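Being a predicted model, the structure only gives us computed values, none of them experimental. Just so we're on the same page: letters track the sequence lines, and every chain starts at 1.
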Number of protein chains: 2
Amino acid sequence: MSASPTTSWADIKREVIRRISERIWRPGDLIPGEQELAQEFGCARATVSKAMRELADAGLLERRRKAGTRIAINPVRKATLEIPLVRIDVEGRGSTYRHALLSREDVPPPAHVAARLQLDAATPMLHLCALHLADEQAFAYEDRWVNVAAVPEIADADLETLSANEWLIRNAAFLSGELTLSAAEASTEDAEVLGVAPGAAIFIVQRITWNATQPITLARLAYAPGYRMHTSI
Amino acid sequence: MSASPTTSWADIKREVIRRISERIWRPGDLIPGEQELAQEFGCARATVSKAMRELADAGLLERRRKAGTRIAINPVRKATLEIPLVRIDVEGRGSTYRHALLSREDVPPPAHVAARLQLDAATPMLHLCALHLADEQAFAYEDRWVNVAAVPEIADADLETLSANEWLIRNAAFLSGELTLSAAEASTEDAEVLGVAPGAAIFIVQRITWNATQPITLARLAYAPGYRMHTSI
DNA sequence: ACTCGTATTATGTCTAGACATAATATTGAT
DNA sequence: ATCAATATTATGTCTAGACATAATACGAGT
């Protein structure tokens, strides 16, 4: 009957999911402790613990020391979004990637950029605009501000061959970041670069990354109409 | 000097991140094995292992048995999107939530819905349209198809007081699902319900959920303009 | 050279037990 | 009855060691 002689953490995870989905354990219920479950499944407590921690990370369980583990009432399911390089994204769709640097300027940031990065408006920054193409079709328009103090070497970088997107990932690994997804109507600039009608609905990804002490970059990616971000839960 | 007497997995994680961000270990580099690192940090192999697994899950490292662990060349960073109930989302923004059921029909699905759920076009389904409001303002318009065979009890459910969104989460915990994020121009229907101009750019979330054997529901949520999805990396 | 089987190796999983920590429950003092 | 100190308890972390598994490296035979 059973696939393996011993009980693995994956077996336990499956069994717990089964009990939840068959409503043997219902939302809000307190379930047995690790000790008890370990005895039931005939395995070590650590094995049960790993399974439970995974389910808690996925949002299905809520665990608190001393209080125990219960089935989440309002499960806040967590979906993992993969954020690849634009090049990898394009190539993953079976298209040929190319990128074009449209502009590169050393200028102080506008107020909204400075505010978003918590920088002074006089901070020297590099402003880049680039177009990512898939099979020579506009794929995404990138508008990026780079905090030169955080990555001084970018001043000498050739961003024509390697996109800023890629250069930064290779040369300035970030520690933390923020991602904001939204929909917007194409500005005249967006429309012109992407070759769509002004006002067309486009998908916007805004990304901010930080190293240990300071902001590295703020990027706004405007995707050509039809772009979808996909993930499984 | 050191904060704690023993080395914890979190300490190791921080140290590895430091070595990556200070380019002591560079993209593509093979780093020492768990055994060796455990010796360096003066802890058990399992402790190193946990730290490394977390970093690999986050996309910073690539690990393969026998081949060892190396710094990711094209780090596909993973952002965790939290998918709360619309009610929790609204309440989390400090607004008062209300929902209104606009229509409820037992009808067979249109071709694109049937195809998306891998169901026969003759399968009995429940079609629901509802509006989620925040402080009496349109927040999101939900267009949902429910596979009645998967949750027969929904036939008798009162979906006026509890939204279908919430009813399904409480009564039909799903095992897996898909999420598609996109931008679209508001259809005349979207525009009318949300009270925006037709053609306005709106953020669309399409969700499909499955139980162990069959699809449960397909939902399209059209958010009022200005909606942003936010996450940290 | 080339292929196939075998040895080796780094990560993956598991165990059994110890101690740490957070949160609740209980008790004692006021 | 109320509040603070203390005991209890379930999860969280760590250790040391064993075995499993995947993937490479190596060597024998052709």
Side-chain angles (χ1 to χ4, degrees), chain A residues 2-17 19-20 25 27-73 75-76 78 80, chain B residues 2-17 19-20 25 27-73 75-76 78 80:
Chain A
S2 78
S4 88
T6 66
T7 311
S8 73
W9 64 266
D11 293 333
I12 296 173
K13 194 174 159 183
R14 259 192 300 278
E15 172 61 13
V16 172
I17 286 177
R19 290 185 189 178
I20 295 174
W25 289 341
D29 282 4
L30 190 66
I31 71 171
E34 297 186 345
Q35 201 86 256
E36 205 174 325
L37 289 173
Q39 208 165 345
E40 180 193 337
F41 293 121
C43 67
R45 184 170 76 92
T47 307
V48 174
S49 196
K50 165 144 191 177
M52 304 305 250
R53 205 162 336 102
E54 288 228 344
L55 290 166
D57 286 347
L60 265 124
L61 300 179
E62 279 168 13
R63 342 187 59 204
R64 280 192 1 261
R65 281 172 173 163
K66 166 77 183 180
T69 300
R70 48 181 73 242
I71 311 298
I73 305 184
V76 177
K78 273 118 184 156
T80 316
Chain B
S2 79
S4 87
T6 65
T7 311
S8 73
W9 64 266
D11 293 332
I12 296 172
K13 195 173 159 184
R14 259 191 301 277
E15 173 60 13
V16 172
I17 286 178
R19 290 185 189 179
I20 295 174
W25 290 341
D29 282 3
L30 190 66
I31 70 173
E34 297 185 345
Q35 201 87 256
E36 204 173 325
L37 288 174
Q39 208 163 346
E40 180 193 337
F41 293 120
C43 66
R45 184 171 77 92
T47 306
V48 174
S49 196
K50 165 143 191 176
M52 303 305 248
R53 204 160 338 102
E54 288 229 342
L55 290 166
D57 286 347
L60 267 129
L61 300 179
E62 278 167 14
R63 341 186 60 204
R64 276 191 6 259
R65 280 171 174 162
K66 165 80 183 176
T69 299
R70 47 182 73 244
I71 311 298
I73 305 183
V76 177
K78 273 117 182 156
T80 312

Visitor: CD1/A/Ile73 to CG/A/Asp29 distance, rounded to the nearest 0.5 angstrom?
Guide: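 Going from the CD1 atom of A/Ile73 to the CG atom of A/Asp29 covers 9.5 Å.
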Visitor: Working to the nearest 0.5 Å, report the span between OG of B/Ser8 and CZ of B/Arg14.
Guide: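 Interatomic distance, B/Ser8 OG to B/Arg14 CZ, rounded to 0.5 Å: 6.0 Å.
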Visitor: How many angstroms lie between atom CD of B/Glu15 and atom CZ of B/Phe41, to the nearest 0.5 angstrom?
Guide: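 Between B/Glu15 CD and B/Phe41 CZ, I get 5.0 Å after rounding to 0.5 Å.
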Visitor: In whole angstrom, give the distance that lies between atom CZ of B/Arg70 and atom P of C/dA10.
Guide: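 After rounding, the gap between these two atoms is 13 Å.
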Visitor: Can a side chain N or O of A/Ser8 be found less than 4.0 Å away from OP1 or OP2 on C/dC14?
Guide: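 Yes, A/Ser8 has a side-chain N/O under 4.0 Å of OP1/OP2 on C/dC14.
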Visitor: Just so I know, are the side chains of B/Ile71 and B/Leu61 near enough to count as touching, which here means a heavy-atom distance under 4.5 Å?
Guide: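 Touching, per the 4.5 Å side-chain cut-off.
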Visitor: Write down the distance between NZ (A/Lys66) and P (D/dT9), rounded to a whole number of angstrom.
Guide: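 To the nearest whole Å, that distance equals 6 Å.
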Visitor: Is there side-chain contact between B/Arg19 and B/Ile31, with heavy atoms separated by less than 4.5 Å?
Guide: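 With C-beta onward as the side chain, the pair stays apart.
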Visitor: If you assign each of A/Ala67 and B/Ala67 to its closest nucleotide in DNA chain C, which residue comes earlier from the 5' end?
Guide: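 Closer to the 5' end of DNA chain C: B/Ala67.
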Visitor: Scan residues 47-65 of chain A against DNA chain C and write down, sorted by residue number, each residue with any heavy atom closer than 4.0 Å; if none is found, say none.
Guide: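 Listed by number, they are A/Thr47, A/Lys50, A/Arg64, A/Arg65.
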Visitor: Taking the side chain as every heavy atom from C-beta outward, state whether A/Asp57 and A/Glu54 have any atom pair closer than 4.5 Å.
Guide: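 No, too far: nothing below the 4.5 Å cut-off.
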Visitor: Should we say atom CD of B/Gln39 is surrounded by more than 12 heavy atoms from elsewhere, each under 6.0 Å from it?
Guide: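 Counting other residues, nucleotides and ligands, CD of B/Gln39 stays at 12 neighbours or fewer.
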Visitor: Please list residues of residues 27-46 of chain A whose heavy atoms come under 4.0 Å from any atom in DNA chain D, ordered by number; otherwise none.
Guide: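 A/Gly33, A/Glu34, A/Arg45 - these, ordered by number, are the residues of the stretch whose heavy atoms sit under 4.0 Å from the strand.
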Visitor: Just by distance, do the side chain of A/Arg70 and the backbone of A/Gly28 share a donor-acceptor pair under 3.5 Å?
Guide: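 It does hold such a pair.
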Visitor: May I ask you to evaluate whether A/Thr69 reaches the phosphate of D/dA10, defined as a side-chain N or O under 4.0 Å from OP1 or OP2?
Guide: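 For D/dA10, neither OP1 nor OP2 has a side-chain N or O of A/Thr69 closer than 4.0 Å.
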Visitor: Using whole Å, report how far CG of A/Asp11 lies from C1' of C/dC14.
Guide: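 Distance, rounded to whole Å: 12 Å.
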Visitor: I need the CH2-C1' distance between A/Trp9 and C/dT15, as an integer number of Å.
Guide: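 Spelled out: CH2 on A/Trp9 to C1' on C/dT15 is 17 Å.
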